Amino acid sequence: MPDRRESWTAPPPEPSREGVRGALGGSRLFEQPRQRAEVERFEAFIAGPGPVAVEIGFDFGHRLLDHAQRWPTWRWLGLEVRKARVDDLAEKAPPNLLPWRADARTVFAMLMPAGRVERIDVLFPTPWWDEGKRARRLLLTADSVADLGRSLRPGGVVHVATDVGPYFEHVQELFAGWQPADHPPSGEARSRRERVCARDELPVWRGTWRLRDP
Ligand SMILES: C[S@@+](CC[C@H](N)C(=O)[O-])C[C@H]1O[C@@H](n2cnc3c(N)ncnc32)[C@H](O)[C@@H]1O
């Protein structure tokens, strides 16, 4: 049976940024009173002391929780669109971990202060097999990568892993103007998809990049 992962193709570039304002409502969402409180909680969290790391799409959050416990002087922000996952992790989260139900594209486009983040992990971003969804929802695009770059401190890195080979080629193109970097440290805990790939012996592609020195 042909493996659909081998025939994945990147969507055409977005005509404007309006289409990538976020699956959960974008800027309008952050103006609602309840979300305003969430934004203030996020702002207070990242304004605290210590380096900030972000994991996008943490799902069960095994790895993110392990990192927050292992490196307590860092502040770990988890962005995930699935409410149940966010609620589950929030129950276990130590004070240096904030799981937030928000579209990462919107957070980085509109809320993340420039130069604040030390490390961004994107593990197995959803490839979106449906063409329409892929065009609307793909996490890593030229615009979103530019937003990630703006959020980084000098020397800060973005780490991406995927088991979809052509998606990794797309990611390599997006980071072509960046500089390859060492993978950031990780503990023993594996994400759900990392475990599946290890169990099924699927190939995994990983890359880490930092902005080029000026
Ligand atoms: C294929 S799963 C991988 C989950 C996990 N990182 C792993 O390695 O097992 C992708 C995850 O990203 C989340 N996600 C998709 N788009 C997102 C977005 N724009 N912002 C935040 N999370 C997103 C999904 O809900 C899902 O949990």
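These numbers were taken from a predicted model, which means no experiment stands behind them. Whatever order the structure lists ligands and atoms in, that order sets their numbers, starting from 1.
- Distances from atom 23 (C) of ligand 1 to the heavy atoms of T106, V86, V81 show the closest one on V81.
- Partner of I120 under the side-chain contact (heavy atoms from CB on, under 4.5 Å) criterion, chosen from L79, I56, V52, V160: I56.
- Remark: distances from the non-hydrogen atoms of P127 to ligand 1 are all 4.0 Å or more.
- The shortest N/O to N/O separation between S191 and ligand 1 falls below 3.5 Å.
- In summary, the atoms of ligand 1 found under 4.0 Å from a heavy atom of A102, numbered by their order in the structure, are 20 (N), 21 (C).
- Proximity annotation for atom 21 (C) of ligand 1: of L139, D121, L123, L79, L79 comes nearest, heavy atoms only.
- Remark: ligand 1 and E80 share an N or O pair separated by less than 3.5 Å (distance only, no angle test).
- Under 3.5 Å, the side chains of R119 and H159 contain no donor-acceptor pair of N or O atoms.
- Considering backbone and side-chain N/O of E194, none are found under 3.5 Å from N/O of ligand 1.
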Which atom pairs, one a donor and one an acceptor, fall under 3.5 Å between side chains of residues 124-133 and the rest of the protein, sequence neighbours left out?
from: W128; atom 1: NE1; to: R137; atom 2: O; distance (Å): 3.4
from: D130; atom 1: OD2; to: G132; atom 2: N; distance (Å): 3.1
from: D130; atom 1: OD2; to: K133; atom 2: N; distance (Å): 2.9

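- For ligand 1, the polar-atom distance check finds no N/O of F124 at less than 3.5 Å from any of the ligand's N/O atoms.
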Could you list the donor-acceptor pairs under 3.5 angstrom formed by side chains in residues 81-95, with sequence neighbours left out?
from: K83; atom 1: NZ; to: D87; atom 2: OD2; distance (Å): 2.7
from: R85; atom 1: NE; to: D59; atom 2: OD1; distance (Å): 2.4

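- The side-chain contact (heavy atoms from CB on, under 4.5 Å) test with V164 singles out one residue from E169, H170, E6, R5, and that residue is R5.
- Distances below 4.0 Å separate heavy atoms of R192 from the following atoms of ligand 1: 9 (O).
- Looking at R150 and D147, a side-chain N of the basic residue comes within less than 4.0 Å of a carboxylate O on the acidic one, giving a salt bridge.
- Ion pairing between a basic and an acidic side chain is recognised when a charged N comes within 4.0 Å of a carboxylate O; E118 and R75 show no such pairing.
- Within ligand 1, the atoms closer than 4.0 Å to a non-hydrogen atom of R193 are 7 (C), 8 (O), 9 (O), numbered from 1 in the order shown.
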